[in-house]
Amino acid sequence: MKTDVIVIYSDGSEMEEALVQAEKTAQYKGLSHKAALHLRLLTEEMLGMMRSITGNVKGRFWIEDEKGAFQLHLKVKTFVDFEKREQLLKASTSGKNEAARGIMGKIRTFFDPLDGLQVPYNSSPDGTSADFIWSMRAYEQTVQNQLDAQEAGAKEAWDELERSVVNHLADDVKVYIQGRDVEMVIIKKMEE
């Protein structure tokens with residue numbers, strides 16, 4: 001099942017409609033109160049990230065599910081293409097966005113037309129047609145390995161993951177970049 005696609009804006013327009021859609025989806029699929037709450041919280045986190053994007057950005061939001069695996073989608077067209085991002089990243093001294101705090105802040109750097117100039121951590125093509133793919137679970141594993149190796153900054157990165165609502169509720173978060181289209185997908189398996 002795929003819900004209607006709702007156009008939302010970074011200024012907050014139409015976001016309430018997306019929350020209502022999450023609630024209707026939970027009701028239609030007969031989710032338990034707890035599962036419905038998780039779906040709403042993940043939608044709120046995704047929309048919160050969208051609200052924090054500077055500039056007047058338009059995105060499309062929808063939910064898909066198959067056999068109890070729910071996918072929340074947010075797709076945005078960016079102003080900076082992948083090659084330009086790579087060039088700007090190479091020019092960065094640290095190779096990463098130091099201003100991005102928290103897991104959603106790091107993910108936001110993909111979407112923000114002003115801040116979206118640097119790619120946060122762990123890129124690995126997985127055979128899809130996307131130019132770039134990032135996975136929260138792969139990032140979490142990298143941070144765990146860095147923590148085990150007692151690398152500098154690993155403890156702070158791990159603590160940030162531990163505080164993340166999305167990290168605790170979602171089974172994974174993936175970000176796909178294809179040209180100027182950036183799509184975030186939050187995946188949550190739930191009993192119907």
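- Under a 4.5 Å side-chain heavy-atom criterion applied to ILVMFWY residues, the cluster that includes Y28 comprises M1 as well.
- Taking CD of E64 as the reference point, atom CD1 of I187 lies at 10.5 Å (rounded to 0.5 Å).
- Under a hydrophobic clustering in which Ile, Leu, Val, Met, Phe, Trp and Tyr are joined whenever their side-chain heavy atoms come within less than 4.5 Å, directly or via other members, L37 and L19 fall into the same cluster.
- By the side-chain hydrogen bond (donor to acceptor under 3.5 Å, both in side chains) test, Q144 is found to be paired with D148, residues two or more places apart in sequence or in another chain being considered.
- Put simply, CD1 on I186 and CG on D172 are 10.0 Å apart, with the number rounded to the nearest 0.5 Å.
- Looking at residues two or more places apart in sequence or on another chain, you find a ring pair (Phe, Tyr, Trp, His ring centres under 6.0 Å) between H73 and W62.
- Here N145 pairs with Q141 under the side-chain hydrogen bond (donor to acceptor under 3.5 Å, both in side chains) rule; sequence neighbours left out.
- Separation of atoms CE (M15) and CD1 (I8) is listed at 4.5 Å; rounding is to 0.5 Å.
- By the side-chain contact (heavy atoms from CB on, under 4.5 Å) test, K24 is found to be paired with V20, residues two or more places apart in sequence or in another chain being considered.
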Applying side-chain contact (heavy atoms from CB on, under 4.5 Å) to K58 and V7, what does each step give before you reach the verdict?
CA-CA 7 Å; K58 176 172 75 171; V7 176; 3.4 Å; yes
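- Under the side-chain hydrogen bond (donor to acceptor under 3.5 Å, both in side chains) rule, D65 has a single partner from K29, K2, K189, which is K29.
- A search for side-chain hydrogen bond (donor to acceptor under 3.5 Å, both in side chains) contacts involving D4 returns nothing, not counting sequence neighbours.
- Here the closest heavy-atom approach between residue L47 and residue A18 is recorded as CD1-CB, 3.9 Å.
- Y9 is not connected to V76 by any chain of hydrophobic side-chain contacts under 4.5 Å among Ile, Leu, Val, Met, Phe, Trp and Tyr, and they are in different clusters.
- The stretch residues 30-43 participates, sequence neighbours left out, in these salt bridge (Lys or Arg N to Asp or Glu O under 4.0 Å) pairs: E23-R40, R40-E44.
- Atom CE of M46 and atom CD1 of I63 lie 9.0 Å apart (nearest 0.5 Å).
- By the side-chain contact (heavy atoms from CB on, under 4.5 Å) test, L169 pairs with H38, L41, L42, V165, sequence neighbours left out.
- Under the 4.5 Å side-chain heavy-atom criterion for ILVMFWY residues, a single connected hydrophobic cluster contains both V173 and W158.
- Note that CD of E14 is 13.0 Å distant from CZ of F61, once rounded to the nearest 0.5 Å.
- Residues Q71 and V185 approach most closely at CB-CG1, 3.8 Å, considering heavy atoms.
- Side-chain atoms of L72 and L39, non-hydrogen and from C-beta on, do get closer than 4.5 Å to each other.
- To the nearest 0.5 Å, atom CG of residue L74 and atom CD1 of residue I6 are 11.5 Å apart.
- Taking T3 as the reference, Q21 meet the side-chain hydrogen bond (donor to acceptor under 3.5 Å, both in side chains) condition, with sequence neighbours excluded.
- D159 pairs by the salt bridge (charged side-chain N to carboxylate O under 4.0 Å, His left out) definition with K155, not counting sequence neighbours.
- Partners of Q146 by side-chain contact (heavy atoms from CB on, under 4.5 Å), not counting sequence neighbours, listed by chain and number: T142, V143, E151, A154.
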